[in-house]
There are 2 protein chains.
Amino acid sequence: MEARKRAILKAVVQEFTTSAVPVGSQILANRYFLNLSSATIRNELSNLADLGYLVQPHTSAGRIPSDQGYRYFVDFLMETEPLPRPVKVFIEEQVQGAPADGQLFVERVAMVVAAVTHNASVVSAAYGPRARIKHLDLVSLDPQAVLLILLMEGNLLRQQVIEISQPVEQGALSRLAGRILKNVAGKDREEVGSLAERLTPGVENEVLSQVLVLLDHFEQGAETLVVHDGVRNLLKQPEFTDTARLHEVLEILEESRHLSALLRQLIMESDLQVVIGSENLTEQLRSCTVVLTTYGPSGRLKGTLGVVGPTRMQYGQIVARLGAVARAASQRLAEIAS
Amino acid sequence: MEARKRAILKAVVQEFTTSAVPVGSQILANRYFLNLSSATIRNELSNLADLGYLVQPHTSAGRIPSDQGYRYFVDFLMETEPLPRPVKVFIEEQVQGAPADGQLFVERVAMVVAAVTHNASVVSAAYGPRARIKHLDLVSLDPQAVLLILLMEGNLLRQQVIEISQPVEQGALSRLAGRILKNVAGKDREEVGSLAERLTPGVENEVLSQVLVLLDHFEQGAETLVVHDGVRNLLKQPEFTDTARLHEVLEILEESRHLSALLRQLIMESDLQVVIGSENLTEQLRSCTVVLTTYGPSGRLKGTLGVVGPTRMQYGQIVARLGAVARAASQRLAEIAS
DNA sequence: ATTAGCACTCCCTCCGCTTGAGTGCCAATT
DNA sequence: AATTGGCACTCAAGCGGAGGGAGTGCTAAT
């Protein structure tokens with residue numbers, strides 16, 4: 001595309017993302033292209049519309065970017081905005097002070113993302129199929145019931161009540177837990193699996209197989225480790241004055257099953273993903289953009305962190321800020337979840 | 001108030017809560033009072049309005065209940081609806097199958113409340129100042145840093161990184177944890193506090209004082225243990241077609257600090273609380289009703305569970321269903337968090 | 001290739017009109 | 001004395017047309 005067309009497309013996106021009003025040739029000529037007349041710009045706009053980058057809400061209105069227009073903008077024209085000092089400070093303070101607890105950590109990060117992007121945020125805990133067991137403990141509830149406590153890398157803590165075939169009292173349980181831990185500490189799902197196969201039946205094996213169940217549960221059910229925040233930010237956007245739109249989005253956000261599926265399917269591919277409007281496979285998100293990136297202290301451990309908002313969002317700013325939060329979160333997690 | 005006035009007020013509330021349209025004398029005469037003329041009912045409606053139980057949106061409209069009208073209805077006229085069989089089954093299945101983990105348990109309960117009341121739900125974890133320590137463990141991170149894991153009654157699990165003054169390796173840590181646990185198991189904040197005072201300085205005391213910090217943190221920061229769900233249900237209600245209203249409510253729901261403060265202040269007083277519209281001390285909830293009740297396996301351990309919705313809600317149904325969830329949750333918690 | 005000029009389109013807002021549901025009151029009825 | 005039918009009155013909501021204005025597309029001139 002010629003340079004001038006690109007410049008005009010860029011101007012349209014920038015103008016529209018801040019004003020939310022379809023932008024006309026006059027405004028572009030006055031604010032962005034002082035050396036061109038509005039008529040020239042009209043011709044270019046018309047061309048850009050023919051090419052599919054812009055659309056007109058109705059005949060006598062200005063232009064707004066199509067999904068394809070936003071796509072071109074994000075791929076070729078967008079400049080990531082430098083972080084304003086206060087935003088940088090806010091992110092660092094909040095994330096550096098985030099609790100070690102995996103669940104609380106995720107909630108904190110979601111809060112920060114929502115605050116700095118002024119959109120809804122979505123964050124999943126750092127986990128992965130090769131995550132290692134960090135600690136394990138057994139607590140006696142009644143003679144045959146035991147609470148299994150499992151701490152994974154990323155400081156994800158889970159508990160599960162398990163039944164054992166013969167009564168064991170707390171002292172023996174603690175020793176058993178210590179013995180098992182020696183074998184499984186630092187191991188991942190697969191390694192523990194092969195360990196369990198080699199073990200003769202007995203209480204130790206019963207516990208191990210439950211550990212496996214819990215690990216698998218972790219894996220599929222990353223659902224429980226996805227949180228969202230900042231829905232209130234969406235309410236301020238004109239595209240959500242119609243509550244029907246918002247209802248669709250909330251259906252996704254409040255159903256963590258859907259949400260985790262969405263994240264998993266998207267984040268496979270690359271480190272920064274911008275999914276614009278109709279590019280979304282999820283029906284309910286067709287009028288939204290989802291921006292996702294990953295964070296994590298290591299290659300094994302990956303969490304997702306993202307933004308959900310109207311397709312009209314300030315891409316440059318949001319990508320920059322999301323990246324900053326991701327870096328801070330990775331760093332903090334390396335400290336506390338080593 | 002005379003019986004007939006009460007009957008008419010009751011009819012107005014019932015009609016309005018389902019239709020969301022101001023109710024006129026005609027409809028009442030036709031559907032509820034076949035032996036009275038609409039003129040008679042008009043007189044009664046006029047009286048009820050003078051008494052402050054009803055208001056008129058405008059001169060030539062029907063009547064809607066005022067906050068005072070709803071208050072009278074809830075105090076004297078409401079009949080708790082019997083649970084439909086499928087609802088009963090749903091509640092029991094979902095709550096019986098709720099995970100042992102305190103956090104996940106709360107999330108499950110919030111989902112159930114939202115589903116059966118068709119409103120937004122708010123649930124806090126079962127906790128109290130006299131909650132007892134159930135288990136405690138120490139995990140070595142690096143030589144001087146230790147992860148303290150604390151399991152409380154109600155299966156609330158928290159972790160905190162603590163610094164110790166001299167390096168201790170994992171084996172010794174585990175023995176130390178066992179020793180401390182012997183002393184603190186089954187004790188509450190106060191008992192652990194007096195224990196710590198009697199202890200000579202040393203690593204054991206350092207750990208104990210951190211346990212106290214964590215317990216205090218639990219206490220004030222019940223904030224982290226309040227979840228909400230079902231905001232999407234509110235979007236279907238005509239009173240929230242204006243997004244400004246919804247924004248106010250979301251400000252409260254999404255700020256868990258506010259939310260926990262709200263719950264704490266409300267639930268002090270009685271076991272079932274219905275706070276209607278302007279009765280709310282919280283500015284942003286002035287057009288909402290909050291219905292709260294408590295649940296818990298014991299007197300020591302109390303959680304809150306509630307509904308936030310428009311003042312026009314089906315009080316009888318919601319109170320009944322909330323109660324059913326509370327009972328199921330108490331029972332389930334007694335099983336798993338003994 | 002650019003631009004001034006101009007007719008044209010169409011949304012938006014305002015205004016007045018009509019409709020209809022509902023009220024309040026009065027006089028008649030039981 | 002309570003109830004009721006009758007009736008004038010009120011006001012929101014829906015409809016349709018007029019006017020304004022922002023913006024376009026086209027044409028002809030530069």
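Lettering follows sequence order; numbering is per chain, from 1. Just the heavy atoms: all of them, side chains too, but no hydrogens, waters or symmetry mates, feed the values below. Here the structure is a predicted model, which means the values were calculated and not measured.
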Please give, in whole Å, the distance from D/dT4 C1' to B/Ile41 CD1?
12 Å
Residues 59-67 of chain A, side-chain donor-acceptor partners within the protein, below 3.5 Å, at least two apart:
unit_1: A/Ser66; atom_1: OG; unit_2: A/Gly52; atom_2: O; d: 2.6
unit_1: A/Ser66; atom_1: OG; unit_2: A/Tyr53; atom_2: O; d: 3.2
unit_1: A/Ser66; atom_1: OG; unit_2: A/Gln68; atom_2: N; d: 3.3
unit_1: A/Ser66; atom_1: OG; unit_2: A/Gly69; atom_2: N; d: 3.0
unit_1: A/Asp67; atom_1: OD2; unit_2: A/Ser278; atom_2: N; d: 2.9
unit_1: A/Asp67; atom_1: OD2; unit_2: A/Ser278; atom_2: OG; d: 2.8

May I ask you to decide if A/Thr282's main-chain N or O and A/Asn280's side chain share a donor-acceptor pair within less than 3.5 Å?
no
Does the side chain of A/Val231 come within less than 4.5 Å of A/Leu235's, by heavy atoms?
no
Show which side-chain atoms of residues 73-91 of chain B pair as donor or acceptor with protein atoms under 3.5 Å away, not counting sequence neighbours.
unit_1: B/Asp75; atom_1: OD1; unit_2: B/Arg71; atom_2: NH1; d: 3.1
unit_1: B/Glu79; atom_1: OE2; unit_2: B/Lys10; atom_2: NZ; d: 2.4

For nucleotides 15-20 of chain D, give me one character per nucleotide, 5' to 3': B if any protein heavy atom sits under 4.0 Å from the base, S if the only such contacts are to the sugar-phosphate, - if neither.
------
Rounded to the nearest angstrom, tell me the gap between atom CD1 in A/Ile8 and atom C1' in D/dT24.
15 Å
Along DNA chain C, 5' to 3', what are the outermost nucleotides having an atom less than 4.0 Å from a heavy atom of chain A?
C/dT2 to C/dC11
I want to check something: taking the side chain as every heavy atom from C-beta on, are B/Val12 and B/Leu28 in contact at a cut-off of under 4.5 Å?
yes
Residue pairs involving residues 280-294 of chain A (criterion salt bridge (charged side-chain N to carboxylate O under 4.0 Å, His left out); sequence neighbours excluded):
A/Glu283-A/Arg286
Could you check how far CG of A/Asn43 sits from P of D/dG25, rounded to whole Å?
9 Å
Is the backbone N or O of A/Ala110 less than 3.5 Å from a side-chain atom of A/Ser121, with the two atoms forming a donor-acceptor pair by type?
yes
Do A/Phe240 and B/Thr243 touch side chain to side chain, with heavy atoms closer than 4.5 Å?
no
Report the residues that fulfil side chain to side chain donor-acceptor pair (under 3.5 Å) with B/Thr311, sequence neighbours left out, ordered by chain and then residue number.
none
For the residue pair A/Leu259 and A/Leu262, establish whether any side-chain heavy-atom pair is separated by less than 4.5 Å.
yes
Quick one: does any side-chain atom of A/Ser124 pair with a main-chain N or O of A/Val226 as donor and acceptor, under 3.5 Å?
no
Rounded to whole angstrom units, what separation is found between the CG atom of B/Leu36 and the C1' atom of D/dA2?
11 Å
Through what angle, rounded to 10 degrees, does the axis of the helix from C/dA1-D/dT30 to C/dT30-D/dA1 turn between its ends, using five pairs per end?
20°
Name all residues meeting the side chain to side chain contact (heavy atoms under 4.5 Å, CB included) criterion together with B/Ile27; count only those two or more places apart in sequence or in a different chain, and write none if there are none.
B/Glu15, B/Arg31
For the residue pair A/Val249 and A/Cys288, what are the closest heavy atoms and their distance?
CG2-SG, 3.5 Å
Among pairs that include at least one residue of residues 313-323 of chain B, which meet side-chain hydrogen bond (donor to acceptor under 3.5 Å, both in side chains), considering only residues two or more places apart or in two chains?
B/Thr289-B/Tyr315
Residue met sooner reading DNA chain D from 5', once B/Thr40 and A/Leu45 are mapped to nucleotides
B/Thr40
Sorted by chain and residue number, the side chain to side chain donor-acceptor pair (under 3.5 Å) partners of A/Glu239 (sequence neighbours excluded) come out as A/Arg312
Give every pair of a protein N or O atom and an N or O atom of nucleotides 6-12 of chain D that lie under 3.5 Å apart, one pair per line with the distance.
unit_1: D/dG6; atom_1: O6; unit_2: B/Arg42; atom_2: NH2; d: 3.3
unit_1: D/dT10; atom_1: O2; unit_2: B/Ser60; atom_2: OG; d: 3.0
unit_1: D/dC11; atom_1: OP1; unit_2: B/Thr59; atom_2: OG1; d: 3.1
unit_1: D/dC11; atom_1: O4'; unit_2: B/Ser60; atom_2: OG; d: 3.3
unit_1: D/dC11; atom_1: O2; unit_2: B/Ser60; atom_2: OG; d: 3.2

Within residues 13-29 of chain A, those residues having any heavy atom closer than 4.0 Å to DNA chain D are A/Gly24, A/Ser25
